[in-house]
Amino acid sequence: MDEQVNSLTYISDSPNIQHLRLAYEQTVQELEPYFDLCRDSYDNRRNYWPGKSRDHRKHGADAFPWEGASDMEAHVIDERITRLVSMLMSGLNRANVRAFPVEVGDIARSKIVSNFLKWMTTSGYINRFNEEMELGVNYLLERGILITHVGWQREDRKFLQKLDLGQIAQVAPEVAQAIQVGQADERIVAVLQSAFPGVSDERGMKAIKELRETGKAELPIVKRQVNAPEIKTLAPDFDFFLPAYVTDPQKAPYCFWRSFYTPQELELKVTTDGWDADFVEEMIENYRGVDVTDIEKQQEGRRTNLIQDYGYEAEELIELIYGYQRLIDPEDGSEGIYYTVFHKHFNGNDETQGYAIHELLNGYEDYPIVVTKLSEDSKRLYDTTTAPDLLRGIQNQVKIERDSRVDRNSLATLPPIMHPIGQAPTDYGPGRYIPYRRKGDVDFGPTPPLPTGSVEIETTLQAQADRLMGLDDHPVSTLKLQFLTNKFLRHCARTISLAYKCFQRFGPDEIFFRVTGSPDPELFGKGNSDENYDITLSYDVLNTDPETQEKKLGQIANLVAMDKNGRINVDSLLTAVANAVDPALADQILQPIEASQQQVVKQVTDDLSKIFSGIEMPARPNGAQIAMQVIQQYVSQPDIQQRLQTDEMFRERLEKYQGQYTFQMQQQQNAQIGRIGTKPAQMGSIQTQTM
């Protein structure tokens with residue numbers, strides 16, 4: 001035991017795979033109670049139960065109250081989880097992303113960092129961000145725990161493409177020249193490898209031969225390059241496991257991530273991530289196919305969504321385990337986060353080591369995961385509750401009430417037929433001929449009374465379910481919903497923060513981006529890796545109410561009249577209001593300031609050209625200040641001044657056009673005068689009223 005404890009505690013040159021495997025197996029076994037909770041939650045949400053039939057009728061010896069009685073579904077749980085998922089995802093999409101500086105030196109960059117974080121999550125730079133978060137909120141509600149892995153994906157995808165000598169000359173003229181000159185093949189291969197990364201010696205010699213014979217050759221071309229954060233939502237009962245005693249995931253001595261690969265993906269890992277080629281070959285040859293292990297064993301009468309439903313068909317998949325460990329250097333006591341990729345049934349042999357890679361996660365102080373519990377009502381991570389566990393009793397009672405009403409209606413539609421012994425009617429139905437010896441031989445049995453309280457009971461149960469999940473109109477329910485929204489958004493903010501740290505460590509030095517709500521494009525540099533920001537996502541659940549949102553925007557707009565010191569940036573207010581109405585539409589109609597100014601200049605000069613040619617033009621609805629500057633420069637030209645003196649009609653057209661812009665500016669000024677009582681303060685042509 002001491003040897004195992006030491007190998008799982010201290011840094012060594014190579015990991016002890018046998019001890020790591022034992023730790024994995026023990027972790028999985030101790031989590032079996034939580035797996036049972038997840039199976040129950042999965043089944044209850046989807047209305048799976050033992051003996052369920054497709055016709056929603058009870059069959060068999062245990063059928064109650066009779067064979068063929070109602071066995072209806074009642075989607076109380078799924079309906080509320082789906083509603084909460086929709087509301088939380090809407091909150092995420094509309095949430096305000098802010099990066100607050102922790103140190104004084106980071107204040108200047110905080111705004112552009114906020115815009116960059118918004119771009120990361122909305123532009124697709126973080127691939128499948130919304131999809132992974134949607135999966136995550138489903139796990140949070142259904143299984144009680146949300147786990148998100150954050151990493152960095154850097155990958156060059158090379159594809160073979162047939163190129164002729166002319167195309168090669170455009171990409172690498174020195175290659176075509178070397179072939180034409182007839183240099184040595186070894187020299188040409190070296191030039192090919194410098195022009196086309198990834199060309200092996202064999203591929204290079206083959207390409208030279210094909211070029212000389214046919215003028216064409218197959219060469220690898222980089223078609224797509226991936227260099228971005230990567231996030232994955234991990235199922236807490238299937239993908240990612242922490243020790244059962246853990247209270248703080250980041251203080252766990254180890255944790256494990258199950259992952260599945262195709263042989264092609266494993267071969268690619270050898271070249272992109274430096275995995276051991278012999279280990280990969282051993283996996284492909286001897287460990288294909290997904291085994292059904294203790295984690296996925298079905299309990300009788302249960303169904304699960306786990307991979308064993310199709311496991312016997314997944315013969316090409318290879319299961320590997322990422323073992324993350326917090327290890328200590330015995331010499332100086334420094335910590336390090338290491339990860340080891342291994343197979344749960346392979347210790348290694350004389351020819352092959354027992355792991356694909358064992359490496360320090362350089363620069364990481366914690367595990368690359370973000371973990372959130374649905375309910376912090378106990379210290380241990382896996383002592384949690386789930387929405388299906390809270391609602392299963394209500395759902396079962398609603399099902400009973402519905403089944404009882406269906407069964408009662410069945411009895412009312414066709415009550416039991418009473419007849420003399422041995423003289424049962426051979427048929428029954430509309431228009432049938434039923435013989436009898438004397439009147440009263442055939443009669444109907446009594447039917448149950450109307451279930452007057454059943455609908456009321458179900459209504460009460462549905463209201464109780466809404467109240468439990470914070471989905472009714474009670475003020476306390478609004479607090480519950482806001483609390484749950486904040487919990488989910490905090491998880492998303494921590495995920496984005498970790499993705500940003502990955503960008504600072506592994507991303508490009510500069511990147512060009514543009515976001516909705518900030519019409520001006522920006523160039524962002526990753527800056528100092530030591531800078532730190534407190535990243536938040538904020539959203540008010542009342543914003544889902546259109547009337548509340550309209551009132552809030554109206555109140556903010558009214559503040560402009562009270563702004564004595566010019567503290568409100570009207571351009572920013574316009575952007576905020578437009579985004580609140582419709583972010584996608586705002587992105588289309590709001591343009592950069594420089595572009596809008598250039599557009600006004602172009603429109604005014606076009607109008608002046610038409611006025612010069614004899615066509616009257618009205619003033620544009622906005623941009624009066626810029627238009628007046630253009631007109632003043634226009635009339636200052638000698639030839640225009642001369643025509644104004646000689647052409648009365650031209651002068652009238654121009655004065656009318658200029659007068660409309662003057663009136664626009666006077667109207668804006670009158671609005672200010674009505675607020676401050678005098679003309680705005682100015683120095684020359686510079687307005688100083690709001691400086």
Side-chain angles (χ1 to χ4, degrees), residues 97 99 113 115-133 135-136 146-158 197-198 222-234 239-240 249-250 255-261 265-276 320-326 335-341 356-371 491-513 523-533 535:
V97 184
V113 170
N115 288 337
F116 179 71
L117 296 177
K118 182 178 180 181
W119 174 79
M120 286 177 66
T121 58
T122 58
S123 66
Y125 185 59
I126 300 180
N127 188 33
R128 287 180 49 83
F129 177 78
N130 272 19
E131 291 83 354
E132 294 295 332
M133 290 298 101
L135 179 62
L146 169 54
I147 302 175
T148 303
H149 177 272
V150 183
W152 189 266
Q153 184 180 16
R154 182 182 288 112
E155 183 178 327
D156 291 337
R157 302 293 301 277
K158 294 189 288 290
V222 177
K223 287 287 187 179
R224 180 171 60 244
Q225 188 177 45
V226 180
N227 190 24
E230 180 184 43
I231 69 169
K232 289 184 179 296
T233 295
L234 308 179
D239 293 325
F240 200 88
Q250 293 299 342
C255 49
F256 302 96
W257 175 17
R258 296 176 73 203
S259 190
F260 299 88
Y261 293 96
E265 290 174 323
L266 287 185
E267 291 286 1
L268 191 62
K269 286 289 185 180
V270 175
T271 57
T272 59
D273 292 358
W275 284 19
D276 184 72
L320 293 178
I321 311 297
Y322 283 73
Y324 293 95
Q325 297 175 269
R326 184 181 292 275
E335 295 184 30
I337 303 295
Y338 285 77
Y339 80 101
T340 307
V341 180
I357 189 172
H358 174 71
E359 194 173 72
L360 171 70
L361 285 175
N362 192 28
Y364 282 83
E365 299 174 2
D366 294 313
Y367 296 123
I369 57 170
V370 180
V371 182
H491 180 94
C492 296
R494 291 162 59 199
T495 300
I496 295 171
S497 178
L498 197 53
Y500 179 66
K501 290 181 180 179
C502 288
F503 171 80
Q504 290 181 304
R505 294 188 185 108
F506 313 114
D509 292 333
E510 291 183 334
I511 192 167
F512 189 79
F513 75 96
L523 182 65
F524 183 74
K526 62 182 181 181
N528 188 352
S529 60
D530 293 331
E531 66 182 6
N532 192 17
Y533 295 94
I535 297 172

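Expressed to the nearest 0.5 Å, how far OH of Y364 lies from CG of L498 amounts to 6.5 Å. Rounding to the nearest 0.5 Å places CD of Q325 at 7.0 Å from CZ of F256. Taking OH of Y322 as the reference point, atom CD1 of I357 lies at 8.5 Å (rounded to 0.5 Å). To the nearest 0.5 Å, the span separating CD1 on I369 from CZ on R494 amounts to 9.5 Å.
Summarising the geometry of V97 relative to L117, their closest heavy-atom pair is CG1-CB, 3.8 Å, with the distance given to 0.1 Å. Residues P249 and V371 approach most closely at CG-CB, 3.8 Å, considering heavy atoms. Residues H358 and T340 come closest through the heavy atom pair ND1-OG1, 2.7 Å. For Y125 against A228, the heavy-atom pair with the smallest separation is O-CB, 3.3 Å. Residues A99 and V113 share a closest heavy-atom pair of CB-CG1, 3.6 Å. Minimum interatomic distance between L360 and G336 (heavy atoms only, all atoms of both residues): CD1-CA, 3.9 Å.
Under the ring-ring contact (aromatic ring centres under 6.0 Å, His included) criterion, Y500 pairs with no residue at all, not counting sequence neighbours. Considering only residues two or more places apart in sequence or on other chains, E335 meets the side chain to side chain contact (heavy atoms under 4.5 Å, CB included) condition with R326, I328.
Between the side chain of S497 and the backbone N or O of A493 there is no donor-acceptor pair closer than 3.5 Å. No donor-acceptor pair under 3.5 Å is formed between the side chain of S259 and the backbone N or O of L320.
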One pair to check against side-chain contact (heavy atoms from CB on, under 4.5 Å): W152 and R505. What are the steps and the verdict? CA-CA 9 Å; W152 189 266; R505 294 188 185 108; over 6 Å; no
When you look at L361 and Y338, which way does the side-chain contact (heavy atoms from CB on, under 4.5 Å) test go after all the steps? CA-CA 6 Å; L361 285 175; Y338 285 77; over 6 Å; no
Might you work through the side-chain contact (heavy atoms from CB on, under 4.5 Å) test for F260 and R258, ending with a clear yes or no? CA-CA 7 Å; F260 299 88; R258 296 176 73 203; 3.7 Å; yes
Starting from the C-alpha separation in whole Å, work towards a yes-or-no answer on side-chain contact (heavy atoms from CB on, under 4.5 Å) for K232 and W257. CA-CA 11 Å; K232 289 184 179 296; W257 175 17; 3.8 Å; yes
Can you list the steps and then say if H149 with F240 is a ring-ring contact (aromatic ring centres under 6.0 Å, His included)? CA-CA 9 Å; H149 177 272; F240 200 88; 7.7 Å; no
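Classified by interplanar angle (parallel below 30°, tilted 30° to 60°, perpendicular above 60°), the ring pair Y261/W275 is perpendicular.
Sparse packing is recorded around CD of E365, with 12 or fewer heavy atoms of other residues, nucleotides or ligands lying under 6.0 Å away.
In this structure, the side chains of E132 and T148 stay at 4.5 Å or more apart for every pair of heavy atoms.
Screening T495, I496, I231 for a side-chain contact (heavy atoms from CB on, under 4.5 Å) involving V370 leaves a single residue, T495.
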